[in-house]
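Just so we're clear, the structure is a prediction, and the values are computed from it rather than from any experiment. First the proteins, then the strands, lettered A, B, ... as listed; each starts at 1.
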Amino acid sequence: DGGITQSPKYLFRKEGQNVTLSCEQNLNHDAMYWYRQDPGQGLRLIYYSQIVNDFQKGDIAEGYSVSREKKESFPLTVTSAQKNPTAFYLCATKAGGGRETQYFGPGTRLLVL
Amino acid sequence: QQQVKQSPQSLIVQKGGIPIINCAYENTAFDYFPWYQQFPGKGPALLIAIRPDVSEKKEGRFTISFNKSAKQFSLHIMDSQPGDSATYFCAARPTPDRGSTLGRLYFGRGTQLTVWP
């Protein structure tokens, strides 16, 4: 089964704790993106990466970190500096070569205990 | 600052009606305008997209109308069905250039559509 896998589906964070959300893809897409979704806010870009070992901050990068060590993987760490992390997190990918469509994973819901 | 403004926030229509969702933008560097459909608890999926060199695009019951001079575009759903009940997002992408913005999208805040049977 091909596509984008996000895990876990639900994640609970304690105060002061860092947590890491996984995003894996087997589509051989070059670009990967992380979005945060809050009710009534749409999708806001956290970080994105066009190629391995390179990534750029999006509009709301504060309190988050990423890595892109492999083409297939783009994990997102929500650090303790992110004071309001409760949200639905979506990973997306896009092929290179001028392709335009972004494909989204199923999402991870992060809740704070 | 919201790059893409979407309205209404919510919309309720009866089965067979034609809901219309509107989006507006200011940045003339946008050159690709997709619409995404999202069901509760799922990731968004591309529904239909348009480039500014055409004024209308149809795919099945879904139509995008594009007004380049007004910097507005809208989604029309013909003969709406209860299964169309979802959240719809418009988005816009800047023209690819040498900068690092290649491929990123700016999303509207979404419209929650409910179609009553």
Side-chain angles (χ1 to χ4, degrees), chain A residues 3-10 21 23 25 27 29-51 54-61 68 74 87-111, chain B residues 1-11 21 23-25 27 30-53 57 59 64 86-112:
Chain A
I4 304 166
T5 303
Q6 289 189 244
S7 62
K9 187 171 183 178
Y10 296 94
L21 284 62
C23 179
Q25 54 108 353
L27 301 170
H29 285 177
D30 294 319
M32 297 186 75
Y33 307 81
W34 274 107
Y35 292 91
R36 170 177 170 146
Q37 184 176 15
D38 298 277
Q41 294 291 322
L43 280 69
R44 293 183 290 170
L45 184 64
I46 305 173
Y47 269 98
Y48 60 114
S49 168
Q50 302 295 331
I51 56 173
D54 187 44
F55 49 83
Q56 290 81 40
K57 292 182 179 180
D59 302 321
I60 56 165
R68 186 87 186 274
F74 191 40
F88 191 47
Y89 290 86
L90 289 157
C91 176
T93 70
K94 188 181 75 67
R99 306 286 176 85
E100 295 165 325
T101 304
Q102 284 191 24
Y103 297 89
F104 283 84
T108 291
R109 188 164 298 279
L110 176 60
L111 299 165
Chain B
Q1 181 184 357
Q2 194 76 13
Q3 296 265 2
V4 179
K5 295 182 180 179
Q6 182 173 347
S7 63
Q9 187 173 354
S10 63
L11 190 54
I21 305 170
C23 287
Y25 64 97
N27 188 344
F30 289 150
D31 73 342
Y32 170 69
F33 302 88
W35 284 89
Y36 281 82
Q37 180 189 55
Q38 184 183 32
F39 294 104
K42 306 294 185 184
L46 180 68
L47 191 61
I48 185 173
I50 197 168
R51 288 187 160 276
D53 53 349
K57 183 174 182 180
E59 285 187 7
I64 300 178
T87 300
Y88 293 81
F89 293 97
C90 62
R93 184 200 70 177
T95 303
D97 57 20
R98 283 185 236 169
S100 60
T101 62
L102 186 66
R104 72 149 297 169
L105 294 172
Y106 292 90
F107 282 86
R109 293 191 174 188
T111 297
Q112 189 168 353

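- Expressed to the nearest 0.5 Å, how far CG of A/L90 lies from NZ of B/K42 amounts to 12.5 Å.
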> Could you walk me through whether A/Q37 and B/F89 pass the side-chain contact (heavy atoms from CB on, under 4.5 Å) check?
Replying inline: CA-CA 12 Å; A/Q37 184 176 15; B/F89 293 97; 3.3 Å; yes
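- Of the inter-residue distances, the one linking A/R44 atom CZ with B/Q2 atom CD reads 9.0 Å to the nearest 0.5 angstrom.
- Here A/G40 is the residue among A/G107, A/G105, A/G40 with the most heavy-atom pairs under 4.5 Å with chain B.
- Scanning all heavy atoms of the two residues, the minimum distance from B/Y32 to A/E100 falls at CE1-OE1, 3.4 Å.
- In this structure, CZ on B/R104 lies 13.5 Å from OH on A/Y47, to the nearest 0.5 angstrom.
- Within the 4.5 angstrom heavy-atom criterion, atoms from both the backbone and the side chain of A/L43 approach chain B.
- A/F104 CZ to B/Y36 OH: the interatomic distance, rounded to the nearest 0.5 Å, is 5.5 Å.
- The part of B/Q38 that comes within reach of chain A is its side chain, from C-beta onward, which places non-hydrogen atoms under 4.5 angstrom from that chain.
- Proximity to chain A involves both the backbone and the side chain of B/P44, based on heavy atoms less than 4.5 angstrom apart.
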